[in-house]
There are 2 protein chains.
Amino acid sequence: MAQGSGRGGSSAAPRSVDVARLAGVSQKTVSRVFNDEPYVSAEVRRRVLEAAGQLGYRLNNAARALASGRTRSIGVVTLGTALYGPASLLMGVERAVRDTGYALRVVNTMEGDPAGVAGAVDSLLDQGVDGIVISEPIDEDGHDKDVSIGLDVPVLVVGAPPPFTAPRVLVAGVGADLMARTATEHLLDLGHLTVHHLAGPQRWYAARDRREGWRSALAAQGIDRPPVVEGDWSAASGYAAGRELAADADMTAVFAANDDMAIGLIRALTEAGRRVPHDVSVVGFDDIPVAAYVTPPLTTVRQPFDAVAQQGLKRLVHCIENPQADPLPTSDPPVDLVVRASTAPPPPRTTPGHGRRTDSRPYGDPQGPPPLIGGASDPH
Amino acid sequence: MAQGSGRGGSSAAPRSVDVARLAGVSQKTVSRVFNDEPYVSAEVRRRVLEAAGQLGYRLNNAARALASGRTRSIGVVTLGTALYGPASLLMGVERAVRDTGYALRVVNTMEGDPAGVAGAVDSLLDQGVDGIVISEPIDEDGHDKDVSIGLDVPVLVVGAPPPFTAPRVLVAGVGADLMARTATEHLLDLGHLTVHHLAGPQRWYAARDRREGWRSALAAQGIDRPPVVEGDWSAASGYAAGRELAADADMTAVFAANDDMAIGLIRALTEAGRRVPHDVSVVGFDDIPVAAYVTPPLTTVRQPFDAVAQQGLKRLVHCIENPQADPLPTSDPPVDLVVRASTAPPPPRTTPGHGRRTDSRPYGDPQGPPPLIGGASDPH
DNA sequence: CATAGACATGACAGCGCAGTCATACGGGCA
DNA sequence: TGCCCGTATGACTGCGCTGTCATGTCTATG
């Protein structure tokens, strides 16, 4: 229909019949070649490929999807932010998807979007996908709690517990709780009596996870938990939190739920005369690209986005292609604490207030370990 | 085929015929309703929608694409990095695409990928898209120069000149050259005699653009250009460049092609005893989220990613849906220089070496304007 | 030498929709 | 009254591919 002109036309994308005719085989054989099906002789395969190349033939995906019932594409639901974590995860997913031979469809859920994750999933189902990846979902007002997937499409949830009612759900944890715990323990090991926590917005599962890791590290040692300060991931919110925390003279260590907030926090502390890491140690989370170069270089935790995405997608694809089979096992990603110069032992407690050192070295030149740049403890 | 079972089955996605039967209309009428075609009475439309809701019907996109020849999706080619610029642009594109009613397919080109942009475009064409957005392409060895799009699919190139041979190409500039020029002029206006440039990798058009803006600002005032130092966008490369530049005692101002490099640069200068902004002023590019909170808060240029993406997509969609019509006009995005505390007038030149001030205020407390946080000159 | 099996290919139907055309109805206008 | 046009609907076809099954050829084996 679209193309009413008779056979004579020279434009119009070539179809598999055209290739078949040119190669002197049946249309079905062309299909076999392009799907790597068995039982095609080398000679015929060669002829078909040559004819295809000559005509500039490419498989029509729509027809393929219609006939086979599979779209060979995977949908991803992401937050619509350029935040380092979500963005990195998305890139990891893209890389991983490409390896699997599937195509990628992307849909955002804007924060505050009433439709939320459910709407995004719906739109992916409309578009037609064989599997869905939900990356770091947030829990808008608790309403997303029970997103149910009507269709029998497997879902991979990354970085969150499964709040989804669906026939087949996989979970790929980035192990944020464990990593947060490691970060907190690092501070305790340095001798800090307790560790404050600058949390992310608790609507985010990722933020809750990190808080939980912090909580469990303190709980394991029977340490009381100072009140949690909550930010919104932004450096601005970290700055605001820092002004608040700076007032607490006993505060010597903070675990921030991401690097941006840690940087804002450090700035506020510095302005308030609390030196980092002299007076206060700060650990971030993410290892954003500039973390090693801010002042002081930030001790932080690096998330294995690529590894998580790759493993998760392998499992998702397995689940798509072997609907009955058991899901592949999952292995925990490694924890990677990057120790730089924003953490140090706490100041001596004999004299309350400032420590005994009165040298005038500016904050820009911390006395702790020298800035680690691309060195042994800054693997890359 | 896929489904051999007779009519009796209760699962299997409902088709438009099923809806038609239930609503007592023809299949074609259901199609009309779902495509908002004219000539459907209100009563029939209501009945169809009700039946569809009852059955949980959703249009089958593959069939639709096959029958109509349009996939209603747009492909994006991005670099596979979580760098702030590309990531923000991608998010902007996602938001904009959603508004247009198209779906989004995403493909990365990894840096160093021999196939490069051409391969990514090819894979999108394989997948079937009605339009393509190429976001901040890079020019791998100059080989990408002439990516030609065989199919008659309109292409929108963002942030680069059009190196593409295609029937229909649109360009959406982020105006990086103009912005770079503004940044450079800001430094000259402060009294700096010249401005050094820490460039991005010149394979990137974005990096070339910024260098060109810097060049033209100096050229306009007849100022000699110091040699360009080239980094790779990373803070590490900025740091390395900083060590190099710090040796040049005459150097008082640097325009860095992105914020990450600016931050690494500042760290290196600070370690070398060159205070920012006392001794050296630094301007970054991008306005990454932490830019206002590093030490010193970074003067930088904010790119209007959302505006560019939105306008570009509007034009692309127009081009898709009106193949013959003239492309929509383009308007230049606004330049947004965010002045913070990393720039100041140059030190007095009477005494070579350090300026006249000897006060011992640490760098963390710059004498320039106070850190601007969420204030008037930090609009957000 | 007959025959089962592995291999190689083709004929045919139909996936679920949108395009085209035919048809039927109702009112304004000559 | 008859005609035409705008409206509303349906029958039919085919988009380009893949699944199923039939068919044909060749080799190994009893």
Side-chain angles (χ1 to χ4, degrees), chain A residues 1-7 9 12-21 23-48 51-52 55-72 125-128 130 151, chain B residues 1-7 9 12-48 52 55-72 125-128 130 151:
Chain A
M1 60 217 63
Q3 114 134 343
S5 60
R7 284 290 58 215
R15 301 151 303 162
S16 56
V17 242
D18 301 324
V19 176
R21 241 191 305 270
V25 297
S26 77
Q27 179 270 326
K28 175 70 210 187
T29 297
V30 175
S31 167
R32 283 202 181 90
V33 170
F34 278 87
N35 286 289
D36 271 321
E37 283 174 37
Y39 304 144
V40 179
S41 71
E43 160 61 11
V44 167
R45 167 166 276 119
R46 198 195 51 69
R47 259 174 27 224
V48 168
L55 295 175
Y57 170 72
R58 44 193 358 139
L59 259 166
N60 178 321
N61 237 292
R64 192 147 108 128
L66 180 57
S68 69
R70 295 179 42 209
T71 60
R72 281 156 237 258
L125 292 176
D126 272 352
Q127 293 174 32
D130 294 342
L151 272 57
Chain B
M1 59 217 66
Q3 113 136 346
S5 61
R7 285 289 60 215
R15 301 150 304 164
S16 55
V17 239
D18 300 324
V19 175
R21 241 193 305 273
L22 184 58
V25 297
S26 76
Q27 177 269 322
K28 175 69 213 188
T29 297
V30 174
S31 168
R32 283 200 183 91
V33 170
F34 277 87
N35 286 289
D36 271 319
E37 283 174 36
Y39 305 144
V40 180
S41 71
E43 160 62 10
V44 166
R45 168 166 274 120
R46 199 194 51 68
R47 254 166 41 217
V48 167
L55 295 175
Y57 170 72
R58 44 194 358 141
L59 261 165
N60 179 321
N61 237 291
R64 192 149 112 125
L66 179 57
S68 70
R70 295 179 43 207
T71 62
R72 281 156 241 257
L125 292 176
D126 272 351
Q127 294 174 33
D130 294 342
L151 273 56

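To find a chain, count down the sequence lines: A is the first, B the second, and so on, and within it residues start at 1.
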Scan [X] against the nucleic acid and name what it touches under 4.0 Å (heavy atoms): base, sugar-phosphate only, or nothing.
{"X": "B:Val30", "value": "nothing"}
{"X": "B:Thr29", "value": "sugar-phosphate"}
{"X": "A:Tyr57", "value": "sugar-phosphate"}
{"X": "A:Asn35", "value": "sugar-phosphate"}

Could you tell me how far apart [X] ([atom1]) and [N] ([atom2]) are, to the nearest whole angstrom?
{"X": "A:Arg32", "N": "D:dT20", "atom1": "CZ", "atom2": "P", "result": "12 Å"}
{"X": "B:Asn60", "N": "C:dG14", "atom1": "CG", "atom2": "P", "result": "18 Å"}
{"X": "B:Asp36", "N": "C:dA18", "atom1": "CG", "atom2": "P", "result": "12 Å"}
{"X": "A:Arg15", "N": "D:dC17", "atom1": "CZ", "atom2": "P", "result": "8 Å"}
{"X": "A:Arg72", "N": "C:dC15", "atom1": "CZ", "atom2": "C1'", "result": "14 Å"}
{"X": "A:Gln27", "N": "C:dG10", "atom1": "CD", "atom2": "P", "result": "10 Å"}
{"X": "A:Glu43", "N": "C:dT9", "atom1": "CD", "atom2": "C1'", "result": "14 Å"}
{"X": "B:Arg64", "N": "D:dG16", "atom1": "CZ", "atom2": "P", "result": "18 Å"}

* To do: For B:Arg72 and B:Asn61, test the side chains for any donor-to-acceptor distance below 3.5 angstrom and give the result as yes or no.
  =>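 There is no such pair (donor and acceptor under 3.5 Å, judged by atom type) between the side chains of B:Arg72 and B:Asn61.
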* Asked: Would you say A:Asp126's side chain and B:Arg58's backbone share a donor-acceptor pair under 3.5 angstrom?
  ->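 Not confirmed, A:Asp126 side chain does not pair with B:Arg58 backbone.
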* **Test item: B:Arg47 side-chain N/O and B:Ala23 main-chain N/O as donor-acceptor pair under 3.5 Å** =>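 Answer holds: yes.
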* Per the end-axis method with five pairs at each terminus, what is the bend angle of the helix from C:dC1-D:dG30 to C:dA30-D:dT1, to 10°? ->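 Answer for the end axes of this duplex: 50°.
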* Asked: B:Leu66 or B:Ala42: which one's nearest nucleotide on DNA chain D is closer to the 5' end?
  ->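 Nearer the 5' end of the strand: B:Ala42.
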* D:dT9 phosphate, OP1 or OP2: any side-chain N/O from B:Ser41 under 4.0 angstrom? -> yes
